[in-house]
Amino acid sequence: MKTKRKRIHILATGGTISGIGERGATSGYSPGVLPIDALLKGLPRMLDIAEVTGEQFASLNSDDITQTIWLALAKRVNSLAMSGAYDGFVITHGTDTLEESAYFFHLSVKTEKPVVVTGAMRPATATSADGPLNLYQSVALAASDDALGQGVLVLFSEGIYSGRDVRKGNTFRVHAITGGDMGSLGLMRDEIPTFYHKTLKAHTTATEFDLADIQTLPRVAIAYFHVDADPTVLDALAASHDGLVIAGAGDGVVSLRWEERLRALCEKGFPIVRATRVPDGAVFRGAGMPDDDIGTLAAGTLSPEKARVLLMLGLSRTRDTHRLQAMFDMY
């Protein structure tokens with residue numbers, strides 16, 4: 001008996017995967033030009049693994065993604081998942097901010113059906129464009145029972161990554177997407193996924209973040225610490241935002257002048273998370289700086305960008321620092 005093909009829906013947002021430029025060139029292109037229908041035409045084997053439909057949700061360079069698009073896209077996935085019309089989803093996305101979007105969806109979509117984010121480092125018109133294989137394998141991954149309940153996944157260059165840990169690690173090479181210290185969850189070979197690990201952090205249906213009644217998220221900024229950094233930037237950012245993430249040196253450490261300003265802001269009840277500008281490692285609570293004394297929160301293994309995503313969602317629920325720290329420990 002022939003197995004019924006899964007129904008996979010693609011939500012396209014633009015990015016390099018749909019970019020066009022000088023034929024053969026990998027740079028100097030315009031992102032977000034080709035519609036999803038054009039991308040699917042070049043993948044005839046797709047019909048062998050799934051019934052695929054697509055919609056052009058946006059046509060943007062990922063640097064122009066906003067929280068408004070995040071909210072609308074997450075709500076769209078939630079609605080489609082509840083409808084029962086589809087078995088899995090693929091989101092095409094530019095790579096520059098893919099890691100932020102993937103983590104937002106990982107925390108906020110409410111389905112155990114596979115949701116796979118992918119993109120490309122080379123435009124569609126480049127020699128050896130990487131987009132077609134990434135898209136094909138993303139559909140295959142979304143159609144796999146092995147991807148059920150794994151949270152939001154990122155498929156890139158035959159690697160499978162958790163939306164929590166994925167990041168961009170190179171500016172132009174096709175293996176730019178990485179899991180850092182956490183590595184990949186598995187590998188793809190043609191249309192077959194093989195998982196070796198799974199995330200132990202809560203995600204999707206197991207999170208407390210319900211977007212149904214949320215129209216806008218709290219404003220959170222990232223302050224980047226460097227040698228001789230001016231601490232007055234912290235007051236300026238705090239005046240126009242609801243929370244801050246510090247991209248500190250080493251394990252989230254800042255100067256004494258910055259520590260003084262952080263302490264003053266925390267005493268006023270302003271939420272601040274310590275993360276690190278170092279690509280790998282973790283910021284453990286109380287390590288490097290006395291968080292209990294200052295009032296700051298620790299980001300764990302989350303990058304500053306991902307810590308910002310979690311703090312935005314966390315502040316939509318509470319401003320209690322103990323509850324917020326518990327979220328950073330849980331997610």
Are [X] and [Y] side-chain neighbours, meaning at least one heavy-atom pair lies under 4.5 Å?
X	Y	answer
L265	D235	yes
D293	R263	yes
F105	V309	no
R257	D228	yes
T296	M289	no
F57	I91	no
V273	L302	no
R167	P279	yes

Quick check: closest heavy atoms across [X] and [Y], and the distance to 0.1 Å?
X	Y	result
A74	L211	CB-CD1, 3.6 Å
D130	M121	OD2-N, 2.9 Å
L311	P271	CD2-O, 4.4 Å
T53	H9	OG1-ND1, 2.7 Å
V90	S138	CG2-O, 3.6 Å
L297	D291	O-OD1, 4.2 Å

Nearest-0.5 Å distance, [atom1] of residue [X] to [atom2] of residue [Y]:
X	Y	atom1	atom2	result
Q325	D292	CD	CG	9.0 Å
D96	S62	CG	OG	4.5 Å
T92	L98	OG1	CG	10.0 Å
R173	T26	CZ	OG1	12.0 Å
F195	M188	CZ	CE	8.5 Å
I222	S303	CD1	OG	7.5 Å

Counting only heavy atoms not in [X], do more than 12 sit closer than 6.0 Å to its [atom1] atom?
X	atom1	answer
E112	CD	no
R319	CZ	yes
E55	CD	yes

Side-chain donor or acceptor of [X] paired with backbone N/O of [Y] under 3.5 Å:
X	Y	result
K306	G163	yes
S316	L313	yes
T125	G21	yes
T199	K201	yes
D242	R219	yes
R277	F225	yes
Q67	T216	no
R122	S128	yes
T276	G250	yes
N78	K110	yes

Taking it one step at a time, do H197 and M182 satisfy side chain to side chain contact (heavy atoms under 4.5 Å, CB included)? CA-CA 10 Å; H197 313 285; M182 303 301 110; over 6 Å; no
Do [X] and [Y] sit in the same hydrophobic cluster, where Ile, Leu, Val, Met, Phe, Trp and Tyr count as joined when their side-chain heavy atoms come under 4.5 Å apart?
X	Y	value
V166	V115	yes
Y103	V220	yes
L11	F156	yes
L141	L47	no
W70	F89	yes

Evaluation steps, side chain to side chain contact (heavy atoms under 4.5 Å, CB included), between V152 and F104: CA-CA 9 Å; V152 171; F104 180 81; over 6 Å; no
Passing candidate, side chain to side chain contact (heavy atoms under 4.5 Å, CB included) with L315, options L217, L310, L324: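 Of the listed residues L217, L310, L324, the side chain to side chain contact (heavy atoms under 4.5 Å, CB included) partner of L315 is L324.
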Which residue, T13, I65, T97, forms the side chain to side chain contact (heavy atoms under 4.5 Å, CB included) with L60?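 Exactly one option meets the side chain to side chain contact (heavy atoms under 4.5 Å, CB included) with L60, and it is I65.
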Step by step, work out the side chain to side chain contact (heavy atoms under 4.5 Å, CB included) result for L39 and L43. CA-CA 7 Å; L39 299 182; L43 300 172; 5.9 Å; no
Whether H106 and H203 hold their rings parallel, tilted or perpendicular, with breakpoints at 30° and 60°: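 The rings of H106 and H203 sit tilted, inter-plane angle from 30° to 60°.
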Parallel, tilted or perpendicular, judged at 30° and 60°: which one describes the rings of F209 and Y331?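 Correct class here is tilted.
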Taking it one step at a time, do L234 and I246 satisfy side chain to side chain contact (heavy atoms under 4.5 Å, CB included)? CA-CA 9 Å; L234 301 172; I246 306 301; 3.8 Å; yes
Applying salt bridge (charged side-chain N to carboxylate O under 4.0 Å, His left out), run through R323 and E208 and close with a yes or a no. CA-CA 12 Å; R323 284 187 62 192; E208 60 205 272; 3.6 Å; yes
So which of K6, K113, R7 actually passes salt bridge (charged side-chain N to carboxylate O under 4.0 Å, His left out) with D87?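 Running salt bridge (charged side-chain N to carboxylate O under 4.0 Å, His left out) over K6, K113, R7 with D87 returns exactly one hit, R7.
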